[in-house]
Amino acid sequence: MSIGLSEQEIIRRESLQELRNLGIDPYPAETFNVNVTAEDIKQNYERDKLSYKDVRIAGRIMTRRIMGSASFAEIQDATGRIQLYIMRDEICKGEDKTLYNTVFKKLLDIGDFIGIQGYVFTTKTGEISIHVNEMKILSKSLKPLPVVKRDEEGNVFDGFTDPELRYRQRYVDLTVNPEIRDIFIKRTKVIQTMRNYFDSNGWMEVETPVLQQVHGGAAARPFKTHHNTLDMPLFLRIANELYLKRLIVAGFEGVYEFGKMFRNEGMDRTHNPEFTSMEIYVAYKDYIWMMQMVEECLEKVALATNGKTKVQVGTNEIEFAGPYEKLSMFDSIKKYTGIDVSKMNEQELTDTCKSLNIEVDDTMGKGKLVDAIFGDRVEANLIQPTFITDYPIEMTPLAKKHRTEEGLVERFELFVNGKEIANAYSELNDPIDQRERFEDQLKLAARGDDEAMAMDDDFLRALEYGMPPTSGLGIGIDRLVMMMTNQSTIQEVLFFPQMRPEKKVKMDASEDFIEKGIPAEWVPVIQKMGILTLEDLKAANPNKVFNDLGGMRKKMKLEIAMPAKEQVMAWFE
RNA sequence: GAUUCCGUAGCUCAGCCGGUAGAGCAUAACACUUUUAAUGUUGGGGUCCUGGGUUCGAGUCCCAGCGGGAUCACCA
């Protein structure tokens, strides 16, 4: 990593200046109207050639093949790439050939944005191309893009693949790796499809607070912040469930929200500190109704993103068309371990965990113990979409008690490819029951369960006014998108995944060095020598610096006068 | 958090037993009017992540740190 500009960056800055010297603005202000896209030309030119006699298109130069007085280049717009054919005597009609010989051949680079006008034709080798009549620079690029080469079979040669660089400089990743762009186009399709489906049912998209005084609705550690005017702590939401239910109390009969949630916990390939969830609440429905709604919704999502209901995820082919298998939590444990835990008390469950080599500690109540067995022995087996239903009441403080089964609640989670992607309840609307459940959570918290839910008095007050029977559903959008795009890490479906900060090299301004008596033309030289701050200079050996200056002068072939030794010594006083 | 691997040119990567730092692409110069991983000839480009140690000598060996990947653990 060099500290200053690389050779290529310096050359591009010089080209920028030369363009200005020629009277060409490298960053023009005015609109450049386009009337076609690369994709449009490729798809429709063959059957409607007359419509492409006068096209205007803009994009980034991605490749150039210069062959004397004619050249080929590819530009890339939002839809893809298209080849340009540029003839010197076509873009320079008169005697002055500067635009071709100097501007195009020497001063333009890969990565620059240009706009062109011309007509579409097919080359001798069968490539649909644009014969360029006019060319205009729209924006000069000063940093060289990685050049990724592909052959006819789609083999990638010098791929831009380092995950760190790809995530930190996602703009470069998306520019040079078109398949990454497709992931995000599908992500948007997932959300659009769900939104259209909900809207078509008359449910309303809403927004609820991100900054909350009580972080409720889920079990997780929050991010804490502070409001200056009110001088009080606030939390970034870990869930929006309790606010959406307040809206059902208020009389809306179907509300949903796509939104960011924030959880101050570990980061790995399925967890990012901020992630997107979709929660929906529909009045007068129960969790059985919700299951068929989820089946219908996910089938539409699979069709929209993959064109079919079967989606390849890793080595598994997942069928998203319903109906999905339904299994109660206890039955699923019986199916995969042979053990019936349904009638066990806390001690028996603890013993069962131990016999299965599952770690336990004494903060764990019945709910957590059952969940531990399920997570360890069942989850990974649930490849095809499977509803796991009827959870122990201790695990689920916001769901309604089961209509027939004692000790259970009306809840399901949807598992696909061994991962949970949705969670739904017949929502608890009995305010007295809800208060007791919160109190049970407080007891768990007192035992040391730092994920137990906090009491929310205003939410209880809302329930006391009355909430209709309601079913609610939450879906982790990032994980759903991972499935639909066959990605194994959450970073690949987030434009800007959270990263540790980049290390910044500390560097004092050139003026600081000049003030110290160092001639301006020598400042880049001592910076190149690794002396980046006045402190570095202070720590350096004056004799060595003087000697190295001579060495650098020779090495960099500088035509500048060597300072006298006394002058150099003065820098250190 | 644990284990492990990685960090060398703008990008992708070689670099053996410790002895003057390499390739392809990109870039610069010349040639070339249908190329498409264009081609041919020639040239330039390096804080080998940072800091210590061993050594006559470290990209290479040792220690520490920083950043990243993978696996595991944690995680509604």
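A, B, ... follow the sequence lines: proteins, then strands. Residue 1 opens every chain.
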Self-check item: Rounded distance in Å between the C1' positions of B/rU27 and B/rG10
Solution: 9 Å
Quiz item: What pairs with A/K42 under salt bridge (charged side-chain N to carboxylate O under 4.0 Å, His left out), at least two apart in sequence or on another chain?
Solution: none
Quiz item: Between A/M67 and A/T161, which has a closest nucleotide on RNA chain B that is more 5'?
Solution: A/T161
Practice problem: Could you work out the separation of B/rA21 and B/rU60 based on their C1' atoms and round it to a whole Å? | Solution: 12 Å
Quiz item: Can you give one letter per nucleotide of nucleotides 68-76 of chain B, going 5' to 3': B for a protein heavy atom under 4.0 Å from the base, S for sugar-phosphate only, - for none?
Solution: SSSSSBBBB
Self-check item: Contacts of type salt bridge (charged side-chain N to carboxylate O under 4.0 Å, His left out), residue A/K143, not counting sequence neighbours
Solution: A/E9
Quiz item: Excluding sequence neighbours, so at least two apart, what forms ring pair (Phe, Tyr, Trp, His ring centres under 6.0 Å) with A/F121?
Solution: A/Y85, A/H131
Practice problem: Could I get the full list of side-chain hydrogen bond (donor to acceptor under 3.5 Å, both in side chains) partners for A/T98, not counting sequence neighbours? | Solution: A/D96
Self-check item: Partners meeting ring pair (Phe, Tyr, Trp, His ring centres under 6.0 Å) with A/F495 (sequence neighbours left out)
Solution: A/F184
Self-check item: Nearest-angstrom distance, P atom, B/rC63 to B/rC6
Solution: 14 Å
Quiz item: How far does the C1' atom of B/rU34 sit from the matching atom of B/rA38, given to the nearest Å?
Solution: 11 Å
Exercise. Take atom CD1 of A/I10 and atom C1' of B/rG45, then tell me their distance rounded to the nearest Å.
Key: 10 Å
Quiz prompt | Rounded P spacing from B/rG69 to B/rC13 in Å | solution = 15 Å
Quiz item: What residues form a ring pair (Phe, Tyr, Trp, His ring centres under 6.0 Å) with A/Y336, not counting sequence neighbours?
Solution: none
Exercise. Name the pairing partner of B/rA38, where a pair is Watson-Crick or G-U wobble with both distances under 3.5 Å, or state none.
Key: none
Quiz prompt | Contact summary for A/T123 and A/S129, nearest pair of heavy atoms | solution = CG2-OG, 3.3 Å
Quiz item: So what does A/F121 touch, heavy atoms closer than 4.0 Å: a base, only the sugar-phosphate, or nothing?
Solution: base
Quiz prompt | Check: A/E39/A/T79 side-chain N/O donor and acceptor closer than 3.5 Å | solution = no
Practice problem: Measure the distance from CD on A/E9 to C1' on B/rG10 and round it to the nearest whole Å. | Solution: 7 Å
Exercise. Report the distance from atom CG of A/L142 to atom OG of A/S15, rounding to the nearest 0.5 Å.
Key: 9.5 Å
Practice problem: Report the base-pairing partner of B/rU54 (Watson-Crick or G-U wobble, both distances below 3.5 angstrom), or none. | Solution: none
Quiz prompt | Euclidean distance, A/M453 CE relative to A/L242 CG, rounded to 0.5 Å | solution = 7.5 Å
Practice problem: Check the distance between B/rC11's P and A/D173's CG and give it to me in whole angstrom. | Solution: 14 Å
Quiz item: Donor-acceptor pair under 3.5 Å: do we get one between A/Y85's side chain and the base of B/rU35?
Solution: no
Quiz item: Rounding to a whole Å, what distance do you find between A/L5:CG and B/rA9:P?
Solution: 17 Å
Quiz item: Has the side chain of A/Q83 got a donor or acceptor that lies under 3.5 Å from a partner of the other kind on the base of B/rU35?
Solution: yes
Exercise. Return the set of residues passing salt bridge (charged side-chain N to carboxylate O under 4.0 Å, His left out) with A/K368 (not counting sequence neighbours), or none when no residue passes.
Key: A/D449, A/E451
Quiz prompt | With A/Y100 via ring pair (Phe, Tyr, Trp, His ring centres under 6.0 Å) - residues at least two apart | solution = A/F104
Quiz item: Tell me: CZ of A/R88 to P of B/rU33, nearest whole Å?
Solution: 8 Å
Quiz item: According to a strict under-4.0 Å criterion, is A/S6 in side-chain N/O contact with OP1 or OP2 of B/rG45?
Solution: no
Quiz item: For B/rC63, does the O4'-C1'-N9-C4 (purine) or O4'-C1'-N1-C2 (pyrimidine) torsion place it in syn, i.e. within 90° of 0, or in anti?
Solution: anti
Exercise. Please determine, by modelled atom types, if A/N423 and A/Y391 share a side-chain donor-acceptor pair under 3.5 angstrom.
Key: no
Quiz item: Does B/rG67 pair with anything, Watson-Crick or G-U wobble, both distances under 3.5 Å, and if so, with which nucleotide?
Solution: B/rC6
Practice problem: Classify every nucleotide of nucleotides 26-31 of chain B by which part a protein heavy atom approaches to under 4.0 Å, writing B for the base, S for the sugar-phosphate alone and - for neither, in 5'-to-3' order. | Solution: BS-SS-
Practice problem: If B/rG46 has a Watson-Crick or G-U wobble mate with both distances under 3.5 Å, name it; if not, just say none. | Solution: none
Exercise. Would you mind reading off the distance between A/K124 atom NZ and B/rU33 atom C1', rounded to a whole angstrom?
Key: 10 Å
Quiz prompt | Any strand: nucleotide that pairs with B/rA26 via Watson-Crick or wobble, under 3.5 Å | solution = none
Quiz item: Watson-Crick or G-U wobble partner for B/rU60, using a 3.5 Å limit on both distances?
Solution: none
Practice problem: Taking atom P in both B/rG43 and B/rA23, compute the distance separating them and give it to the nearest angstrom. | Solution: 11 Å
Practice problem: Under 4.0 Å from any atom of RNA chain B, heavy atoms only: list the residues of residues 90-100 of chain A that qualify, in numerical order. | Solution: none
Self-check item: Spacing of the P atoms in B/rU47 and B/rU42 (rounded, Å)
Solution: 27 Å
Quiz item: Which whole-number value in Å describes the distance from A/M87 CE to B/rU35 P?
Solution: 14 Å
Quiz item: Looking at residues at least two apart in the chain, or sitting in another chain, which of them share a salt bridge (charged side-chain N to carboxylate O under 4.0 Å, His left out) with A/E279?
Solution: none
Practice problem: Ignoring backbone atoms, test whether A/R65 places a side-chain nitrogen or oxygen under 4.0 Å from the OP1 or OP2 oxygen of B/rA38. | Solution: yes
Self-check item: Nearest-angstrom distance, P atom, B/rU4 to B/rG44
Solution: 44 Å
